[in-house]
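Worksheet: one structure, shown below.
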Amino acid sequence: MAGPALLFGERLLAWFDNYGRHDLPWQHPRSAYRVWISEIMLQQTRVDTVIPYFRAFIERFPDVSALARAEADEVLHHWAGLGYYARARNLQRAARIIVERHGGVLPCEHAALESLPGIGRSTAAAILAQACGQRAPILDGNVRRVLARHAAVEGWPGAPRVQARLWEIADLRMPDLRPADYTQAIMDLGATVCTRHAPACDRCPVTDDCAALVQGRVADLPMPRPSKALPVRTRWAGLVRSPDGTYLERRPSSGIWGGLYSLPEADDPDAVRAWVSCRWSQAREAIPSPARIGHSFSHYRLDLHVLRFDLPAGACGIMEGEGAIWYKPGLAIRVGLPAPIERFLNDRGNSDDGTNG
DNA sequence: AAGCCGGGGTG
DNA sequence: CACCCAGGCTT
């Protein structure tokens, strides 16, 4: 009959003081710039993945001004492997806006933050709470899972109707005190206790009024996304090898792997052959059968067939420069490569020209 | 409302 | 292999 003696937020904060994460790189020091960079990197990306990227990024771009001044290729180079490369482009666009419009300082106002490219409702709230000390509820993957269970919210959280309900609950649950700690606390609870698989309810500070636990449905909430079969997209690529390295070109800024450097591609093998022979009349297609790169994205499966061509010394014909480089594994590069392409090129025998081994 | 945009961890 | 993750933008 009587409810829990302490409010949701009070129980969570007490738990956080003892069991929360207090040693994340962006917590020391917790500047607005570092919080912003971490929040963007953490979009759809796990903490353990982000940490090394965050350290290197902050070292190279220590403040808003440094990021605003940087070359786009170098920003993407520091982002390569993280995925969702529009985040990097938006980050730099936002940095330049912050310099021009806000004197190089992130604004502590929700509308101003959310108007910046790459910052949506939840990221704006995370910055407000953690960098400005304001009461602003977030709704990320962890919070969605915690609240969907605690309030037993039906439906897939990605559905707008369900999401709207979760935003309501997030606002109701958030206390007035210690906004930064509460924000970190509810994320920590989701990441370490209220996990997707095998949650540790025996270590949870808010089980007293957890609706999913009472109903014995912790394992069923939140409900999964409706599944759909992934289409397969077949593409053909040209691997042109010269003594100078492998030819890579910059991809368009929109579309998959936007702004990264990769092998030239086409829809069919003859288009690749025509493109190569048009550029390098001395190119010879290698005898071995084409290699294959398989890669799965969130919305389709890529089946990339790779035709190999060899160029004699001095036949490159195209200097490095606008949108093209000759890539050699191990050599320092200043651009970003898609993770599966870099793996492929670094495999023995793919990117070396065979004349030295 | 649905699609687009990466890569890796995990069962 | 399928699902998910410190989401946001575009259509």
Side-chain angles (χ1 to χ4, degrees), chain A residues 21 24-27 34-54 76 79-91 93-94 113-127 129-130 137-146 148 156-164 166-167 170 180 183-192 194-199 219 222-231 233 251-260 262 293-302 336-343:
Chain A
R21 293 180 290 190
L24 298 169
W26 40 90
Q27 294 174 325
R34 293 161 62 91
V35 168
W36 172 44
I37 300 300
S38 72
E39 288 299 327
I40 301 299
M41 285 188 170
L42 287 161
Q43 288 170 0
Q44 297 296 104
T45 312
R46 286 180 167 72
V47 168
D48 291 343
T49 302
V50 163
I51 287 177
Y53 282 88
F54 177 81
L76 279 171
W79 210 268
L82 261 187
Y84 288 127
Y85 299 99
R87 292 185 294 175
R89 195 171 59 251
N90 287 333
L91 203 56
R93 283 176 53 207
L113 284 171
E114 200 171 348
S115 75
L116 294 170
I119 299 183
R121 180 175 176 180
S122 187
T123 299
I127 295 171
Q130 305 208 25
I138 65 166
L139 190 63
D140 60 17
N142 287 313
V143 179
R144 272 197 300 274
R145 187 171 54 257
V146 169
W156 171 55
R161 177 109 189 115
V162 180
Q163 182 162 336
L166 289 170
W167 271 113
T183 300
Q184 189 63 49
I186 194 167
M187 287 190 289
D188 287 357
L189 187 73
T192 65
C194 195
T195 52
R196 186 67 188 88
H197 299 285
M223 293 174 62
R225 161 198 284 273
S227 62
K228 53 183 184 301
L230 288 185
R233 195 166 301 174
R251 299 177 61 89
S253 54
S254 65
I256 205 80
W257 295 334
L260 272 62
S262 187
I293 301 175
H295 193 68
S296 191
F297 299 106
S298 52
H299 52 302
Y300 69 91
R301 197 178 307 279
L302 174 66
L337 268 61
I341 299 296
E342 183 166 24
R343 266 196 302 273

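Throughout, a chain's letter reflects where its sequence line sits, starting with A, and its residues are numbered from 1.
- Counting non-hydrogen atoms under 4.0 angstrom, A/Gln163 reaches nothing in the nucleic acid.
- Of the P atoms belonging to C/dT10 and B/dG6, the separation is 14 Å, rounded to the nearest Å.
- Think of the region where chain A sits on DNA chain C: with heavy atoms and a 4.0 Å cut, that region ends 5' and 3' at C/dA2 to C/dC9.
- As judged by a 4.0 angstrom heavy-atom cut-off over every strand, A/Ile341 is placed among residues making no nucleic acid contact.
- Residues A/Gln27 and A/Arg93 both approach DNA chain C. Their nearest nucleotides, taken by heavy-atom distance, put A/Gln27 toward the 5′ side.
- Partners of A/Arg251 by salt bridge (charged side-chain N to carboxylate O under 4.0 Å, His left out), not counting sequence neighbours, listed by chain and number: A/Glu265.
- Residues meeting the ring-ring contact (aromatic ring centres under 6.0 Å, His included) test with A/Trp257, sequence neighbours left out: A/Phe297.
- Among residues two or more places apart in sequence or in another chain, the salt bridge (charged side-chain N to carboxylate O under 4.0 Å, His left out) test is passed with A/Arg93 by none.
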Walk along nucleotides 2-11 of chain B from 5' to 3' and tag each nucleotide B, S or - by protein heavy-atom contact under 4.0 Å, base first, then sugar-phosphate. --SBBBB---
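- Residue contacts shown for A/Trp79 are absent, as no nucleic acid heavy atom lies under 4.0 Å away.
- Under the rule for a side-chain contact (heavy atoms from CB on, under 4.5 Å), the partners of A/Thr183 that lie at least two apart in sequence or sit in another chain are A/Ala129, A/Gln130, A/Ile138, A/Met174, A/Met187.
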Using the rule given for side-chain contact (heavy atoms from CB on, under 4.5 Å), can you reason through A/Ser296 versus A/Leu230, listing the C-alpha separation, both sets of side-chain angles and the distance that settles it, and then say yes or no? CA-CA 9 Å; A/Ser296 191; A/Leu230 288 185; 3.9 Å; yes
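- Within the model, atoms CG of A/Leu82 and OG1 of A/Thr45 stand 6.0 Å from one another, a figure rounded to the nearest 0.5 Å.
- Across the P atoms, B/dC4 and C/dA6 are found 24 Å apart, a figure rounded to whole Å.
- Under the side-chain contact (heavy atoms from CB on, under 4.5 Å) criterion, A/Gln43 pairs with A/Ile40, A/Arg87, A/Thr123, not counting sequence neighbours.
- Among the atoms of the strands shown, only primed sugar atoms or phosphate atoms (P, OP1, OP2) are found under 4.0 Å from some heavy atom of A/Arg301.
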Scan the side chains in residues 222-229 of chain A for donor-acceptor partners under 3.5 Å anywhere in the protein, sequence neighbours excluded, and list what turns up.
none

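- No contact: A/Ser38 has no heavy atom under 4.0 Å from any strand.
- B/dA1 and C/dC5 are spaced 22 Å apart, taking the C1' atom of each and rounding to whole Å.
- For A/Tyr53, there are no ring-ring contact (aromatic ring centres under 6.0 Å, His included) partners, not counting sequence neighbours.
- Residue order along DNA chain C, read from the 5' end via each residue's closest nucleotide, puts A/Glu39 first among A/Asn90 and A/Glu39.
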